[in-house]
Amino acid sequence: MTTEPETISSIANSGIPIRSGIISPDFEAQDFLINIGPQHPSTHGVLHLKVHLSGEVITDLEPCLGYVHRGVEKMCEKLSYRQFIYLSSRLDYLSAHINNQACVIAIETAMGTEATPRAQAIRIIMSELTRLASHQLWWGCMGMDLGAFTPFFYGFRDRELITDIFEETCGTRLTMNYMVPGGVMHDIHSDFVRKVQEYLVHLKEKLPEYDEILSGNQIFLERVKGIGMLSREDAISYGCSGPVARASGLSCDIRKSHPYDGYDKITFKEILSSGCDNFARYQVRLGEMRESIAIIEQLIGNIPEGDFQAKVKKVIKLPKGEFYQRVETARGEFGVYIVSDGGNTPFRLKFRSPGFSNLSVLKKLCMGLKIADLVATMATLDLVIPDIDR
Amino acid sequence: MEKLKEKITGIEPAALFEESGGFLHAIVEPASGFAMLQRLNKDPDLKFDWLSSLTCVDWNHYFYIVYFLRSLELKHELVVKVKITDRLNPITESVTKIWAGAELLEREVYDLFGIKFHGHPDLRRIFLDEEWNGFPLRKDYKDEINIVEL
């Protein structure tokens, strides 16, 4: 029998589906499994996702972890209390100062001492600058993941000024280890106050630019509004914290609920949203940047005079017992759990990682979405994989 | 803290208490652990709806599975420790039905300590290879190749 190519009009009349003018028989939806990562520009690190697809729609998703597992918790059991702080910077390296702050406050509370007022003010300024730097990097990468390259350059350009300030005072740009039990390692640079004040003026001009480029862009809005809905009950059940949970209306800012290092004396708002979608998470982080600027402004003009380090023994031995300290990093609740048996080194050290709990909710958010939406959702979760893998 | 102790003794009379680092610790046996955690979550006076962290501590003769609980509404906190004395076959009940976030946390404890969680939907290693032998965070773990003893 001859198979004469049927004309388009005859097919249109017969009801057989047409694809680009070629007759195609009705394929059944084919399920296939693809691997996203571990080497992929949009996974923000070595995250391996096994994604089951039916066409372009996600039917199952499984994160595979462990590519950057370094055994940090086991290593800390052999390090002294002053040494393990250096490993904590390398977990969530974008919030390095804040991780260090958690470790040193845990040690100080266990020993029954406190940092000096000058050190506390310096610590808060450094932590908030770190939060600003982390959110700027997140904003740039989110734009780039969705295909807009300009935000990437804007975010990194503004972030460079913060890392220059860090380099002058702390010596390094990324993993600072500037905080020690009792205070900070050495006093701030003489130019620190002036440079931070100039930077805040500069950033306040730039933030409306960020809104102009990305927040008002129609394509961007269509890709993030209504996508990746996380209900408040799910956020509680999965243990999500940070901007991910606050965008679902869950009030969980550790700086408000368990203030440390003098946060209770500072006025700032906790940014909450009830949008529950990607756009809400995006807006919460932009709002947090504005609040961080407000916090630094309250402190930078009047850092108390005095010692930058309280007197603490060279070799630290914690009393027998268990201690837990939580802080609010750029990603959420970071906790340090120290079990001490009275010796020179911790008996057991556990880092409660915000990314680990935020990642556990990724499957729930992405079921039924398309691959492109998965990329947008992962960008708003703001994962840093060394924090998850430890 | 006293009120909290009384309420918990009401649910689980055999619980032992300790205080450390500003937290109240309640130590229970594995057999009653799951029921107690469920009551802690559901009871309107206690309402521990937030599981901060789930981890394990190896004390050489026994394990403690440590649950950090917090109530977002009532603003109290508690640390529950389930004591497992069987080192050859440590097993306890999974809490994934109570807190969904426990799924990955329990996989991590299984991977690094070897504690099995009964009722877990998908208990397998998370960080290490599936073929890895041994449980690294245990105190008696020996590894001549990868670990350098100082």
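Here is how names work: the chains are called A, B, and so on, in the same order as the sequence lines, proteins then strands, and each is numbered from 1.
Considering every non-hydrogen atom in both E322(A) and S20(B), the closest pair reads N-OG, 2.8 Å. Considering all non-hydrogen atoms of both residues, S257(A) and R70(B) come closest at OG-NH2, 4.1 Å. When all heavy atoms of L250(A) and L72(B) are compared, the pair lying nearest together is CD1-CD1, 3.8 Å. Between R326(A) and S52(B), the closest heavy-atom pair is NH2-OG, 3.5 Å. R348(A) approaches T55(B) most closely through the heavy-atom pair NH2-OG1, 2.8 Å. Minimum interatomic distance between A235(A) and W50(B) (heavy atoms only, all atoms of both residues): O-CZ3, 4.1 Å.
Going from atom CG of L105(B) over to atom OG of S357(A) covers 5.5 Å, rounded to the nearest 0.5 Å. One distance of note links NZ of K74(A) with CZ of R138(B); it measures 11.0 Å at 0.5 Å rounding. The CG atom of L349(A) sits 10.0 Å away from the CG atom of L137(B) when rounded to the nearest 0.5 Å. Note: C64(A) SG to R125(B) CZ = 15.0 Å, rounded to the nearest 0.5 Å.
Of the two parts of E108(B), only the side chain, counted from C-beta on, holds a non-hydrogen atom closer than 4.5 Å to a non-hydrogen atom of chain A. For chain A, the nearby part of D58(B) is the backbone; its heavy atoms alone come within less than 4.5 Å. Heavy atoms closer than 4.5 Å to chain A are found in the side chain of V66(B), but not in its backbone. Looking at I126(B), the atoms closer than 4.5 Å to chain A (heavy atoms on both sides) sit in the backbone and in the side chain alike. Of the two parts of E77(A), only the side chain, counted from C-beta on, holds a non-hydrogen atom closer than 4.5 Å to a non-hydrogen atom of chain B. Residue contact with chain B, scored on non-hydrogen atoms closer than 4.5 Å, involves the side chain of H258(A) exclusively. Contact of L128(B) with chain A is made through the side chain alone, with heavy-atom distances under 4.5 Å. Only the backbone of I388(A) comes within contact range of chain B, with at least one heavy atom under 4.5 Å from a heavy atom of that chain. For L54(B), the part lying near chain A is the backbone, with the side chain staying farther off; criterion is any non-hydrogen pair under 4.5 Å. Using a 4.5 Å cut-off between heavy atoms, C240(A) touches chain B through its backbone atoms (N, CA, C, O) alone. Only the side chain of E62(A) comes within contact range of chain B, with at least one heavy atom under 4.5 Å from a heavy atom of that chain.
Between chain B and the options E73(A), M75(A), K350(A), the largest number of non-hydrogen pairs under 4.5 Å is found for K350(A). Comparing A100(B), G22(B), S53(B), C56(B) by how many heavy-atom pairs each has under 4.5 Å with chain A, the most go to A100(B). Counting heavy-atom pairs closer than 4.5 Å to chain A, the top-ranked of the candidates V79(B), D49(B), L51(B) is D49(B). Per-residue heavy-atom pair counts under 4.5 Å with chain B were compared for Q325(A), K320(A), R352(A), and the maximum is reached by R352(A). The choice from K75(B), H25(B), E103(B) that makes the most heavy-atom pairs within less than 4.5 Å of chain A is H25(B).
Ring-centre distance between F68(B) and Y337(A): below the 6.0 Å cut-off.
Not a single donor-acceptor pair under 3.5 Å links the side chain of S360(A) to the backbone N or O of L104(B).
Relative to the six-membered ring of F347(A), K139(B) meets both conditions, a distance below 6.0 Å and an angle of at most 45° to the axis.
More than 12 heavy atoms of other residues, nucleotides or ligands sit less than 6.0 Å from atom CG of N60(B). Atom NE2 of H52(A) is surrounded by more than 12 heavy atoms from other residues, nucleotides or ligands within 6.0 Å. Other residues, nucleotides and ligands contribute only 12 or fewer heavy atoms inside 6.0 Å of the NZ atom of K269(A). For K7(B), the NZ atom is densely surrounded, since the number of other residues' heavy atoms within 6.0 Å is greater than 12.
By the 30° and 60° cut-offs, the orientation of the rings of F127(B) relative to F356(A) is tilted.
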Would L112(B) and H69(A) count as a side-chain contact (heavy atoms from CB on, under 4.5 Å) here? Give the steps.
CA-CA 12 Å; L112(B) 298 172; H69(A) 175 68; 4.2 Å; yes
Does V339(A) form a side-chain contact (heavy atoms from CB on, under 4.5 Å) with W59(B)? I'd like the steps, not just the answer.
CA-CA 11 Å; V339(A) 178; W59(B) 285 102; 3.5 Å; yes
